[in-house]
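The first residue in the sequence is number 1, and the count goes up from there. Bear in mind the structure is a predicted one, so any value in this text is a computation, not a measurement.
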Amino acid sequence: MSKLFGKFLKSASLLALATAPAVVFAAPSTGPISTFGLLGSYNDFKLEGGSASDKDHMPEAGLFYNFGNKLTAESGFIYQAGVEAKFGEKSDNKLKEGQADLDLGWRAALDARNFVDVIVGGGYSWTRYEPDTNDYDVKLTNKKSPFAKAALGYNHQFDDMTLRVEAGARRTIDGRAKLKVDGLGSDTVDLKDRTNPYAEVSLLMNQKGDLPVMAGLYYTRTEYKLDGDSYVADNTKLKRDEYGFKVGIAF
């Protein structure tokens with residue numbers, strides 16, 4: 001009996017040693033994830049038209065959804081598709097916008113925890129800005145704003161968390177806008193192609209847990225300029241700096 005009990009203990013010990021590393025040191029999943037959450041931002045605006053200019057600030061809030069492996073993959077092909085919608089209002093100033101984009105890229109491993117990637121992509125954005133100009137009721141709506149995108153990324157894997165840094169630029173292509181000024185009428189005009197830089201930092205936390213959480217910060221610089229003069233506006237340009245955050249759950 002004692003020999004049989006000893007063999008049982010030995011077998012149980014070997015089984016525990018074999019399975020323990022898989023439990024304690026299990027690597028996080030490298031497959032694609034969905035992320036859904038809230039976003040908020042603070043915007044600095046400068047509207048220039050003719051010889052006049054107007055500055056303003058506005059907060060925004062909204063929702064976002066992403067699907068892809070940009071925060072989880074270790075090497076090889078990476079991708080992410082996403083949509084977001086935001087709304088802001090301050091006094092008589094209003095801002096509504098939406099965006100959809102797709103990123104495709106390739107990731108290379110520097111070592112077991114550090115990875116770099118190159119990303120290209122594109123998307124579509126829609127924006128309506130209604131500033132309080134005192135003299136006129138103005139609505140500037142980007143009716144057609146496709147863009148191309150190029151960026152560099154860096155991922156660092158901790159034991160139960162991934163840090164990602166990405167920086168790049170979006171290039172607007174053949175954008176069109178409708179400018180409406182009460183008392184003067186409205187006009188649909190082309191927008192000049194612009195290269196707008198952006199940067200973002202993201203953390204995917206609790207990757208081995210039941211409910212991973214994503215949190216991040218981002219910055220974008222955007223310029224809109226009419227391609228030629230319009231009979232309702234002269235040399236109109238809108239500059240925007242956006243500082244924002246995102247918080248969501250991954251599943």
Distance (rounded to the nearest 0.5 Å) between T220 OG1 and D241 CG: 8.0 Å

Looking only at heavy atoms, the pair that brings A109 and S75 closest together is N-CB, 4.5 Å

Backbone N or O of L211 within a donor-acceptor pair of the N206 side chain at under 3.5 Å? yes

According to salt bridge (charged side-chain N to carboxylate O under 4.0 Å, His left out), who are the partners of D44, at least two apart in sequence or on a separate chain? none

Hey, what do you get for OH (Y42) to OH (Y219), rounding to the nearest 0.5 Å? 13.0 Å

From CZ (F87) to CG (L95), nearest 0.5 Å: 8.5 Å

I'd like to know if V83 and I249 are part of one continuous hydrophobic network [Ile/Leu/Val/Met/Phe/Trp/Tyr, side-chain heavy atoms within less than 4.5 Å]. yes

Distance in Å, F45 CZ paired with T222 OG1, rounded so as to fall on 0.5 Å steps: 9.0 Å

Under-4.0 Å salt bridge between D56 and R240: no

Any side-chain heavy atom of F77 sitting closer than 4.5 Å to one from L104? yes

State, to 0.1 Å, how close N66 and G82 come at their nearest heavy-atom pair, and which atoms those are. OD1-CA, 3.3 Å

Flag the pair T195 / R221 as yes when at least one side-chain heavy-atom distance between them is below 4.5 Å, and no otherwise. no

Check step by step if ring pair (Phe, Tyr, Trp, His ring centres under 6.0 Å) holds for Y65 and F36. CA-CA 5 Å; Y65 171 77; F36 176 76; 7.0 Å; no

Spatial distance of atom NZ (K46) from atom NZ (K55) [nearest 0.5 Å]: 5.0 Å

What I'd like to find out is whether the side chain of D101 reaches to under 4.5 Å of the side chain of F147, using heavy atoms alone. yes

Spell out, as yes or no, whether a donor-acceptor pair under 3.5 Å connects the side chain of N43 to the backbone of P59. no

Might you work through the side-chain contact (heavy atoms from CB on, under 4.5 Å) test for L71 and S202, ending with a clear yes or no? CA-CA 8 Å; L71 276 167; S202 304; 4.3 Å; yes

Within this structure, what is the CD1-OG distance for the pair I173 and S145, rounded to the nearest 0.5 Å? 11.0 Å

Are Y79 and W106 grouped together when hydrophobic residues (ILVMFWY) are joined by side-chain heavy atoms under 4.5 angstrom apart? yes

What's the shortest heavy-atom distance between G209 and D160, and which atoms? N-OD1, 4.5 Å

Under a single-linkage rule joining Ile, Leu, Val, Met, Phe, Trp and Tyr whose side-chain heavy atoms are separated by less than 4.5 Å, which residues share a cluster with Y198? none

Is a side-chain donor or acceptor of T172 paired with a backbone partner of R194 at a separation under 3.5 angstrom? yes

Which residue in the set I33, N155, T162, I78 passes side-chain contact (heavy atoms from CB on, under 4.5 Å) when paired with T72? I33

Table please: side-chain donor-acceptor pairs of residues 115-123 below 3.5 Å, with sequence neighbours left out.
residue	atom	partner	partner atom	Å
D117	OD1	G153	N	3.2
D117	OD1	R164	NH2	3.3
D117	OD2	R107	NE	2.8
D117	OD2	R107	NH2	2.7
D117	OD2	R164	NH1	3.1

Give me the atom names and distance for the closest heavy-atom approach of Y124 to P146. CD1-N, 4.1 Å

Same hydrophobic cluster for L163 and L204, using side-chain heavy-atom links shorter than 4.5 Å among ILVMFWY? no

Under the criterion side-chain contact (heavy atoms from CB on, under 4.5 Å), I'd like the reasoning laid out for Y154 against N114: C-alpha separation, chi angles, the key distance, then a yes or no. CA-CA 7 Å; Y154 165 75; N114 297 284; 2.5 Å; yes

I need the full list of salt bridge (charged side-chain N to carboxylate O under 4.0 Å, His left out) pairs touching residues 76-87, with sequence neighbours left out, sorted by first then second residue. E84-K86, E84-K246, K86-E97, K86-E242

Mind checking who shares a hydrophobic cluster with F245, ILVMFWY linked at side-chain heavy-atom distances under 4.5 Å? L217, V247

Would you say F251 and L39 are hydrophobically clustered, going by side-chain heavy atoms of ILVMFWY under 4.5 Å? no

Name all residues meeting the side-chain hydrogen bond (donor to acceptor under 3.5 Å, both in side chains) criterion together with N196; count only those two or more places apart in sequence or in a different chain, and write none if there are none. none

Below 4.5 Å, heavy atoms only, C-beta onward: do Q157 and E74 meet side chain to side chain? yes

Report yes if some heavy atom in the side chain of T30 is under 4.5 Å from a heavy atom in the side chain of N69; otherwise report no. no

I'd like to know whether W126 forms a side-chain contact (heavy atoms from CB on, under 4.5 Å) with K96, so could you lay out the CA-CA distance, the side-chain angles of the two residues, the decisive distance to 0.1 Å, and finally the verdict. CA-CA 8 Å; W126 177 91; K96 302 175 184 178; 3.9 Å; yes

Over 12 foreign heavy atoms within 6.0 Å of CG, D210: no

